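These notes are about the structure you will find just below.
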Amino acid sequence: MILIANEYLKGLIMAVAMLVADKMGDGHQAINGNDRNNEEGGTLGSRMINTCPMYARIRWLLVESRGGPVRSRILLLLRERPTNINRIARELNMDYKTVKHHLELLEKNGLVKRLGIKYGDVYFIEDNAYKHWDELYELIKESLKLGGDPNPRQ
């Protein structure tokens, strides 16, 4: 029982450390695992990404929930260019209200941002999501069962 509590506490400490490091500007390095190896043989970053509450929420949003593939396709479209709900609905051949619902979830979870407050508002990928696009793209690939380059058209 004590061993389980210690592991849980370690996970919480690692998640807090990652959030602090991200706020200080070197969080991208920690999430990619480009840091020193730990005593267990893996990288500190590879353990951190799996214990981060934000990672778990985004993983659920894109991979584990029923609407994950739709949200993943929306993110790929927004990666190409910022656009409005109507254009996204047309390009994905979906209902306007469905796209609006998924965009609201993406916005609530910090993956997209809206410019404006009326009909025709432009949505674009949030800066932090761009900063961690490689990790985000891994989840998108898993959701859509894709392979390929995380930085298309660059």
Side-chain angles (χ1 to χ4, degrees), residues 4 7-8 10-23 26-35 42-154:
I4 293 171
E7 289 300 315
Y8 178 74
K10 264 194 227 178
L12 285 175
I13 291 169
M14 296 302 289
V16 169
M18 187 175 124
L19 291 172
V20 168
D22 192 40
K23 293 291 182 194
D26 60 354
H28 185 65
Q29 182 179 12
I31 285 182
N32 278 333
N34 294 333
D35 48 1
T43 63
L44 184 62
S46 65
R47 284 191 338 189
M48 290 171 88
I49 194 166
N50 293 326
T51 60
C52 176
M54 185 67 174
Y55 175 82
R57 186 171 24 164
I58 292 172
R59 179 172 178 72
W60 178 86
L61 193 68
L62 298 178
V63 178
E64 297 169 3
S65 66
R66 196 172 80 174
V70 172
R71 291 186 278 272
S72 294
R73 290 172 55 205
I74 290 171
L75 285 172
L76 288 174
L77 275 176
L78 292 177
R79 172 78 172 159
E80 290 179 19
R81 71 178 177 276
T83 191
N84 63 25
I85 298 173
N86 205 17
R87 176 172 249 152
I88 294 170
R90 211 176 15 206
E91 288 193 29
L92 295 180
N93 197 25
M94 297 180 68
D95 182 60
Y96 177 91
K97 289 182 180 181
T98 302
V99 172
K100 183 176 180 182
H101 165 75
H102 289 292
L103 281 167
E104 286 171 353
L105 283 173
L106 290 169
E107 184 178 19
K108 178 181 173 184
N109 286 284
L111 293 175
V112 301
K113 196 160 193 127
R114 178 176 50 177
L115 185 61
I117 56 170
K118 298 180 181 177
Y119 179 82
D121 294 344
V122 175
Y123 286 83
F124 56 94
I125 294 180
E126 177 70 65
D127 289 341
N128 202 31
Y130 264 124
K131 180 179 173 185
H132 301 293
W133 180 255
D134 292 338
E135 294 85 10
L136 192 57
Y137 188 71
E138 289 301 317
L139 294 174
I140 291 171
K141 282 192 328 188
E142 188 177 344
S143 174
L144 299 175
K145 294 163 183 53
L146 299 174
D149 183 16
N151 297 310
R153 299 182 187 187
Q154 281 189 354

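No experiment lies behind these values; they were computed from the predicted model shown. Just so you know, residue 1 is the first one in the sequence shown, and it goes up from there.
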| task | Starting from the C-alpha separation in whole Å, work towards a yes-or-no answer on side chain to side chain contact (heavy atoms under 4.5 Å, CB included) for Lys100 and Glu104. | result | CA-CA 6 Å; Lys100 183 176 180 182; Glu104 286 171 353; 3.3 Å; yes
| task | Under the side chain to side chain contact (heavy atoms under 4.5 Å, CB included) rule, what do Leu106 and Ile74 come out as? Steps first, then yes or no, please. | result | CA-CA 9 Å; Leu106 290 169; Ile74 290 171; 3.9 Å; yes
| field | Separation between CD of Glu126 and CD of Glu107, rounded to the nearest 0.5 Å | value | 9.0 Å
| message | If you apply the rule side chain to side chain contact (heavy atoms under 4.5 Å, CB included), what do you find for Leu103 with Ile88, and how did you get there? | response | CA-CA 10 Å; Leu103 281 167; Ile88 294 170; 4.0 Å; yes
| query | Can you find a pair of side-chain heavy atoms, one from Leu144 and one from Leu76, that are under 4.5 Å apart? | reply | yes
| Salt bridge check: are Glu91 and Arg81 linked by an N-O gap of less than 4.0 Å? | yes
| Looking at Asn84, Ile85, Leu115, which hits side chain to side chain contact (heavy atoms under 4.5 Å, CB included) with Tyr123? | Ile85
| task | Start with the C-alpha gap between His132 and Asn128, add the side-chain angles, then the distance that decides, and say whether side chain to side chain contact (heavy atoms under 4.5 Å, CB included) holds. | result | CA-CA 6 Å; His132 301 293; Asn128 202 31; 3.4 Å; yes
| message | With rounding to the nearest 0.5 angstrom, report the NE2 to CZ distance, His101 to Arg71. | response | 6.0 Å
| task | Please examine the side chains of Val99 and Val70, heavy atoms only from C-beta on, and report whether any two atoms are closer than 4.5 Å. | result | no
| query | Taking side chain as C-beta onward, heavy atoms only, is Glu135 less than 4.5 Å from Tyr55? | reply | no
| Spacing of Lys141 atom NZ and Glu138 atom CD [to the nearest 0.5 Å] | 4.0 Å
| request: Check whether any side-chain N or O of Asn109 sits under 3.5 Å from a backbone N or O of Leu111 as a donor-acceptor pair, and report yes or no. | output: no
| message | To the nearest 0.5 Å, what is the distance between CG on Leu92 and NE2 on His102? | response | 10.0 Å
| message | For Leu139, is there any backbone N or O sitting under 3.5 Å from a side-chain donor or acceptor partner on Ser143? | response | no
| message | Distance check, rounded to the nearest 0.5 Å: Leu75 atom CG versus Leu136 atom CG? | response | 5.5 Å
| query | What's the spacing between Trp133 CH2 and Arg79 CZ if we round to 0.5 Å? | reply | 5.5 Å
